[in-house]
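Okay, so here's the structure we're looking at.
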Amino acid sequence: MAEGIIEIKAEPFAFPAKPDALALIVIDMQRDFAEPGGFGASLGNDVGRITRIVPDVKRLIQGFRDAGLPVIHTMECHKPDLSDLPPAKRDRGNPTLRIGDVGPMGRVLISGEPGTAIISELAPIDGEVVIEKPGKGAFYATELGDVLKAKGISQLVFAGVTTEVCVQTTMREANDRGYECLLAEEATESYFPEFKVAAIAMIRAQGAIVGWTAHVDDILERIAPKGGTDA
Ligand code: TIU
């Protein structure tokens, strides 16, 4: 094993983590995707599936914080004047509430509205970067690439929702930009169980064509600070 590399048990083979270059990206764990009355529910989805992963996302975030590794959060949202919302996105489908409409948690997917916020259990802490993104991918029309470059990050662990939409889109964007990507299986979810299974399979197929996948416990075990507690 090359010096400085820690191998994380993963599929389709061990992920060669470089602790100096590793960050966690938590994608769109927002009330609008996880609570009744938000965007996810307006599309006809069972949002209860999303809240079930909160404990696993929380302990993954805590593990990165404890290891002193960066945690970056994203939020899918738009400017109040909708200038960054293409009509093709606003008009798509037949939701009960469209992006920008006023719902029970304020204007749907609009920056600063209550429903757009990250759910309180997973709230960013001081010093953590929060990227507001108008697209499904977190690199499109955001400062994410510059933030990662400034921090010297070249490897990304992914959590968040939904697996086959914003998570997979961002992993594909990251892969094309030269990042090594690892998806934390229990810390991501879809409204469609079969889509989560399929997304995981297609990400790691063909020798990790988009990235690796791993269990939260296996990631935490390898990034944990060594030898802290015995007196
Ligand atoms: N964050 C994210 O995945 N946005 C979506 O709209 N996902 C759906 O699955 N609808």
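Start at 1 and go down the list; that is how both ligands and their atoms are numbered.
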- For P12, side chain to side chain contact (heavy atoms under 4.5 Å, CB included) partners two or more places apart: R204, A208, W212
- Query: Does D217 pair with R59 as a salt bridge, N-O distance under 4.0 Å?
  - Reply: yes
- Nearest neighbour in protein (non-hydrogen) for atom 10 (N) of ligand 1: L43 CD1, 3.8 Å
- When rounded to the nearest 0.5 angstrom, what is the spacing between CD1 in I25 and NE2 in H73? 10.5 Å
- Message: Can you confirm whether K9 is buried at NZ, in the sense that more than 12 heavy atoms of other residues, nucleotides or ligands lie under 6.0 Å from that atom?
- Response: no
- Can you sort out which atoms of ligand 1 are near V161, meaning under 4.0 Å from one of its heavy atoms? 1 (N), 2 (C), 3 (O)
- Just need the protein heavy atom nearest to atom 9 (O) of ligand 1, so name the residue and atom and give the distance. T162 OG1, 2.9 Å
- Which residue supplies the protein heavy atom nearest to atom 2 (C) of ligand 1, what is that atom called, and how far is it? C166 SG, 2.7 Å
- Are L69 and L156 linked, directly or through other ILVMFWY residues, by side chains that come within less than 4.5 angstrom of each other? no
- Should you measure from each heavy atom of K136, which atoms of ligand 1 turn up under 4.0 Å away? 4 (N), 5 (C), 6 (O)
- Criterion side-chain contact (heavy atoms from CB on, under 4.5 Å) on M29 and I50, from CA distance to verdict: CA-CA 8 Å; M29 288 302 297; I50 305 301; 4.3 Å; yes
- For F39, the ligand 1 atoms with a heavy-atom partner under 4.0 Å come out as 6 (O)
- Item | Short N or O distance, I27 and ligand 1, threshold 3.5 Å exclusive | no
- Is any side-chain N of the basic residue among E189 and R49 closer than 4.0 Å to the acidic one's carboxylate O? yes
- Message: Can you report which non-hydrogen protein atom sits closest to atom 4 (N) of ligand 1, along with the distance?
- Response: E76 OE1, 2.8 Å
- Could you tell me whether D28 approaches ligand 1 through its side chain, its backbone, both or neither, with non-hydrogen atoms closer than 4.0 Å? side chain
